[in-house]
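Order of appearance sets the numbers: ligands from 1, and atoms from 1 within every ligand. Computed from heavy atoms alone, side chains included, the values below leave out hydrogens, waters and symmetry copies.
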Amino acid sequence: MRAFAPTGRARSGAPHVVLAERPQPRPRADEALIKVGAYSVNRGEIFKLEEPAAQWLPGKDVAGLVVQQAADGSGPRAGARVVGHPMSAGWAEYAAVPTDALAELPDHVGTVEAAALPLAGLTALRLLRAAGPVGGRRILLTGASGGVGHYVTELAAAAGARLTAVTASPERGARLRELGADQVVHDVAATTGPYDVVLESTGGATLPLALARVRRGGTLIWFGQASRTPVTLDFFDFFAGPESATLRHFHYMDFPESFAEDLAALVRLVAGGRLHPELGRVADWSETAATLADLRDRRIRGNAVLTLS
Ligand SMILES: NC(=O)c1ccc[n+]([C@@H]2O[C@H](COP(=O)([O-])OP(=O)(O)OC[C@H]3O[C@@H](n4cnc5c(N)ncnc54)[C@H](OP(=O)(O)O)[C@@H]3O)[C@@H](O)[C@H]2O)c1
């Protein structure tokens, strides 16, 4: 079969991946074999591609058809359409996916939209779980034009939050307004707050500016560093507003629920018309390298999905 493998090349310019012949995966007893119909690519995978671990193959978000049920009898049967979240090797014709990271798709949820769900959708769902009840709360969301940002916005707005989204331009924020954002701004310094919760994923100079807008005793959840620039904080700045605030590190994997449970929840939301994957790019998988470059350089909104014919 064919699969994308890392080339290990540096940050700018050249693509990070090459399509290569690989042995078909041999699933463990708790893994189903999936014929991949579509997969999505994520910013975190771009970071990993710059310094790939030995033997690692990229790809965490797949949707397709079960061609072989897990040998232990768990999970969907052969012939089921599914969405899955393997830890690696999903940018391929076939992928082995643990059944505790698989959810079945109803007929009216498409393979392409389903492929956009796992990493970004799980992260959004769990970010809001970490934030606690958000009804009536004021939320500030940075890096909002990406895959995670669109899901967070729709879910938070539906739960009654008043959400301010930060995007680079009006074009990159227009869909967020439609999904329920109260306000879209293009510079975190232009926000006033105070916010009950700040969801921050860009790092650098943005995090301290966002933190300054947290209300006294509020929470900043730090879930990424898209700028790749570390953050500098001043203890004394907290006295000017976010006194006694909580600064919480977030990793979407550090939750007791299984991926299967939360993927099934996301699929139900999509099936019920309450969650709309924002497909900023859908292309043939031969365009994976170019799509990665466009995602890295902020030329894609929402999710980027690659399809296999
Ligand atoms: N902690 C976790 O468990 C976890 C899990 C998944 C993802 N993440 C992180 O969460 C963030 C959002 O994920 P995603 O999949 O939505 O990513 P994405 O689609 O790439 O979106 C990230 C957004 O950040 C904005 N951004 C602001 N400053 C940037 C900069 N200097 N460089 C690049 N982008 C910048 C961009 O929007 P504008 O161009 O409009 O500013 C971009 O659309 C990423 O940082 C990702 O690594 C964390």
Around [atom], find the nearest protein heavy atom and jot down its residue, atom name and distance.
{"atom": "atom 16 (O) of ligand 1", "answer": "Val148 N, 2.9 Å"}
{"atom": "atom 23 (C) of ligand 1", "answer": "Gly143 O, 3.6 Å"}
{"atom": "atom 32 (N) of ligand 1", "answer": "Ala226 O, 3.4 Å"}
{"atom": "atom 27 (C) of ligand 1", "answer": "Thr202 CG2, 3.2 Å"}
{"atom": "atom 44 (C) of ligand 1", "answer": "Arg43 CD, 4.2 Å"}

Should [X] and [Y] count as side-chain neighbours, where that means a heavy-atom distance under 4.5 Å?
{"X": "Arg215", "Y": "Arg137", "result": "yes"}
{"X": "Trp285", "Y": "Thr307", "result": "no"}
{"X": "Leu57", "Y": "Trp91", "result": "no"}
{"X": "Thr202", "Y": "Thr229", "result": "no"}
{"X": "Val198", "Y": "Thr219", "result": "no"}

Checking the N or O distance criterion of under 3.5 Å, is ligand 1 in contact with [X]?
{"X": "Leu295", "result": "no"}
{"X": "Arg172", "result": "yes"}
{"X": "Gly224", "result": "no"}
{"X": "Tyr252", "result": "yes"}

Short question: side chain of [X], backbone of [Y] - any donor-acceptor pair under 3.5 Å?
{"X": "Gln183", "Y": "Leu163", "answer": "no"}
{"X": "Arg281", "Y": "Val305", "answer": "no"}
{"X": "Arg213", "Y": "Leu209", "answer": "yes"}

Of all the atoms in ligand 1, which lie at a distance below 4.0 Å from a heavy atom belonging to [X]?
{"X": "Thr167", "answer": "40 (O)"}
{"X": "Gly146", "answer": "16 (O), 18 (P), 19 (O), 21 (O), 43 (O)"}
{"X": "Ser145", "answer": "36 (C), 37 (O), 38 (P), 40 (O), 42 (C), 43 (O)"}
{"X": "Ser201", "answer": "10 (O), 11 (C), 45 (O)"}
{"X": "Gly147", "answer": "16 (O), 19 (O)"}

Mutual orientation of the aromatic rings belonging to Phe223 and Phe250 [parallel < 30°, tilted 30-60°, perpendicular > 60°]: perpendicular
Determine the interplanar angle of the Phe235 and Phe238 rings, folded into 0 to 90°, and report it as parallel if under 30°, tilted if 30 to 60°, perpendicular if over 60°. tilted
Which bit of [X] gets closer than 4.0 Å to ligand 1, counting heavy atoms only: side chain, backbone, both or neither?
{"X": "Ala168", "answer": "both"}
{"X": "Thr123", "answer": "side chain"}
{"X": "His251", "answer": "both"}

Is atom 46 (C) of ligand 1 near the protein, in the sense that some protein heavy atom lies at less than 4.0 Å from it? no
For atom 1 (N) of ligand 1, state which one of Phe47, Phe223, Trp222 supplies the nearest heavy atom.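 Of the listed residues, Phe223 has the closest heavy atom.
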Nearest-option assignment for atom 41 (O) of ligand 1, heavy atoms, candidates Glu171, Arg298, Arg299: Arg298
Going by side-chain hydrogen bond (donor to acceptor under 3.5 Å, both in side chains), His85 matches just one of Asp61, Asp100, Asp262. Which one?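 Among Asp61, Asp100, Asp262, the one meeting side-chain hydrogen bond (donor to acceptor under 3.5 Å, both in side chains) with His85 is Asp61.
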Derivation of the side chain to side chain donor-acceptor pair (under 3.5 Å) call for Arg172 and Thr167: CA-CA 6 Å; Arg172 290 177 72 73; Thr167 65; over 6 Å; no
